[in-house]
Amino acid sequence: MGSFAPLLATVITIAIILILALIVRNLVHRLIVRVVNRAANASPITGRFRKNGAATDGIDALLNERRKQRAETMGSVLKHVASIVVIGTAVLTVLDRLTIPIAPLLTSVGILGVAIGFGAQELVKDFIAGMFMLLEDQYGVGDVVDVGAAVGTVEAVTLRVTRLRDADGRVWYVRNGTIARVGNESQGWSRAYVDVPVAYDSDVATVRDVLRQVAGELWEDPELRESVIVEEPVVFGVEQLSDSSLVFRVSAKTLPVRQAEVARELRVRVKAALDDAGIAMAP
């Protein structure tokens with residue numbers, strides 16, 4: 001019986017090490033899940049829109065979806081990293097307990113890691129780029145973005161690829177490592193521009209007054225002010241001048257991706273106001 005005592009002690013020690021490793025892994029995973037849930041369910045900050053009377057439901061939904069996806073993706077990555085670290089440490093401890101030299105093993109693993117790194121440079125590049133995109137919140141699900149290779153609405157973001165759907169319904173899969181720059185039309189706010197060409201002999205002051213009246217009426221419209229418009233539209237004045245026309249510009253700050261809707265409404269109202277004032281538009 002005495003000859004089996006060291007073996008029994010070794011088996012018990014190994015079992016304790018593995019059990020402790022599993023317990024630590026589960027505790028770390030629970031902590032990560034708790035942090036992820038707290039980050040995903042945090043209240044969005046949209047006070048800058050509330051003070052202007054604009055509704056914030058659309059922005060809240062967009063921010064919540066982006067924050068939830070980013071938190072869940074980072075949580076998944078952290079879980080994998082925690083599992084590798086904890087289980088790897090437990091395995092090395094067990095091998096050391098069994099008096100198996102781990103130095104050659106670590107050397108072999110290091111050489112294998114270098115070889116895999118050289119063979120999977122593009123994959124590693126994609127993962128690193130995806131990590132920074134999520135951490136920096138460059139874009140999220142529902143955003144309209146221009147990533148160079150494609151322009152469309154983001155449907156999914158992973159650590160390796162971003163899936164977009166363009167205006168024609170075509171789905172694009174863009175590797176994160178190939179994205180050199182991102183143009184996001186959906187963060188914070190957008191701006192609608194409407195250029196109004198009128199005849200060269202039109203009175204500048206009169207045209208400006210008519211456009212300002214249209215801008216004021218648009219801002220006072222409760223259906224627009226409480227749903228899409230962030231600030232009162234501004235009349236910039238004469239933007240272009242030629243021998244046949246004067247071009248005035250009207251600008252309106254809107255909620256993300258709603259600028260086209262506001263621009264169309266502005267054009268309709270400007271046309272009606274100019275007709276009522278007897279001001280001819282330039283061809």
Side-chain angles (χ1 to χ4, degrees), residues 25 28-42 44-46 58-89 106 108-191 255-257 259:
R25 174 181 173 273
V28 172
H29 280 200
R30 288 185 180 182
L31 178 61
I32 292 173
V33 170
R34 182 174 300 178
V35 172
V36 167
N37 290 337
R38 182 175 300 177
N41 298 322
I45 300 175
T46 53
I59 291 181
D60 286 350
L62 187 64
L63 294 177
N64 287 336
E65 182 64 30
R66 180 187 293 120
R67 182 173 53 251
K68 180 179 179 181
Q69 185 198 43
R70 186 170 70 255
E72 290 178 350
T73 303
M74 294 306 301
S76 176
V77 173
L78 291 176
K79 284 182 180 180
H80 284 89
V81 172
S83 297
I84 293 173
V85 172
V86 174
I87 300 301
T89 302
L106 292 176
S108 302
V109 171
I111 295 174
L112 180 62
V114 172
I116 294 176
F118 277 113
Q121 293 183 51
E122 295 299 327
L123 183 62
V124 173
K125 181 180 178 182
D126 294 340
F127 271 73
I128 293 176
M131 285 280 292
F132 280 103
M133 286 179 182
L134 291 169
L135 286 172
E136 297 171 358
D137 192 21
Q138 296 180 13
Y139 54 81
V141 173
D143 287 356
V144 178
V145 298
D146 179 354
V147 296
V151 179
T153 303
V154 179
E155 291 192 337
V157 182
T158 67
L159 287 180
R160 195 177 72 84
V161 299
T162 295
R163 189 174 79 231
L164 305 175
R165 187 177 297 274
D166 63 19
D168 297 327
R170 187 182 296 107
V171 177
W172 295 83
Y173 294 87
V174 184
R175 286 177 32 226
N176 294 331
T178 63
I179 300 176
R181 55 105 175 114
V182 179
N184 194 329
E185 299 181 11
S186 305
Q187 284 189 346
W189 51 270
S190 300
R191 189 178 293 278
L255 296 185
V257 200
Q259 66 271 26

request  = Provide the closest heavy-atom pair for Lys79 versus His29 in the form atom of the first, atom of the second, distance.
outcome  = O-NE2, 3.2 Å

task = Check whether any side-chain heavy atom of Arg181 sits under 4.5 Å from a side-chain heavy atom of Asp146, and report yes or no.
result = yes

query = Atom CZ of Arg160 and atom CZ of Arg175: how far apart are they, to the nearest 0.5 Å?
reply = 7.5 Å

ask   = Would you say Asp168's side chain and Arg170's backbone share a donor-acceptor pair under 3.5 angstrom?
value = no

task = Please tell me if the side chains of Trp172 and Val147 come closer than 4.5 Å, counting only heavy atoms from C-beta onward.
result = no

inquiry  = Just so I know, are the side chains of Leu164 and Tyr139 near enough to count as touching, which here means a heavy-atom distance under 4.5 Å?
reply    = no

Nearest heavy atoms of Val144 and Thr153, plus distance in Å = CG2-OG1, 3.9 Å

request  = State whether a side-chain donor-acceptor pair under 3.5 Å links Ser83 with Arg25.
outcome  = yes

query = Under a 4.5 Å cut-off applied to non-hydrogen side-chain atoms, are Asn176 and Met133 in contact?
reply = yes

key: Val171 and Arg163, any side-chain heavy atoms less than 4.5 Å apart   = yes

ask   = Would you say Asp126 and Val161 make side-chain contact, with heavy atoms under 4.5 Å?
value = no

note = Closest non-hydrogen contact found for Gln138 with Asn184 is O-ND2, 3.0 Å

query = Which pair of heavy atoms, one from Pro256 and one from Ser190, lies closest together, and at what distance?
reply = CA-OG, 3.5 Å

Closest approach of Val174 to Ile179 (non-hydrogen atoms, all atoms of both residues) = CG1-CG1, 3.7 Å

Heavy atoms from other residues, nucleotides or ligands near CZ of Arg191 exceed 12 (cutoff 6.0 Å) = yes

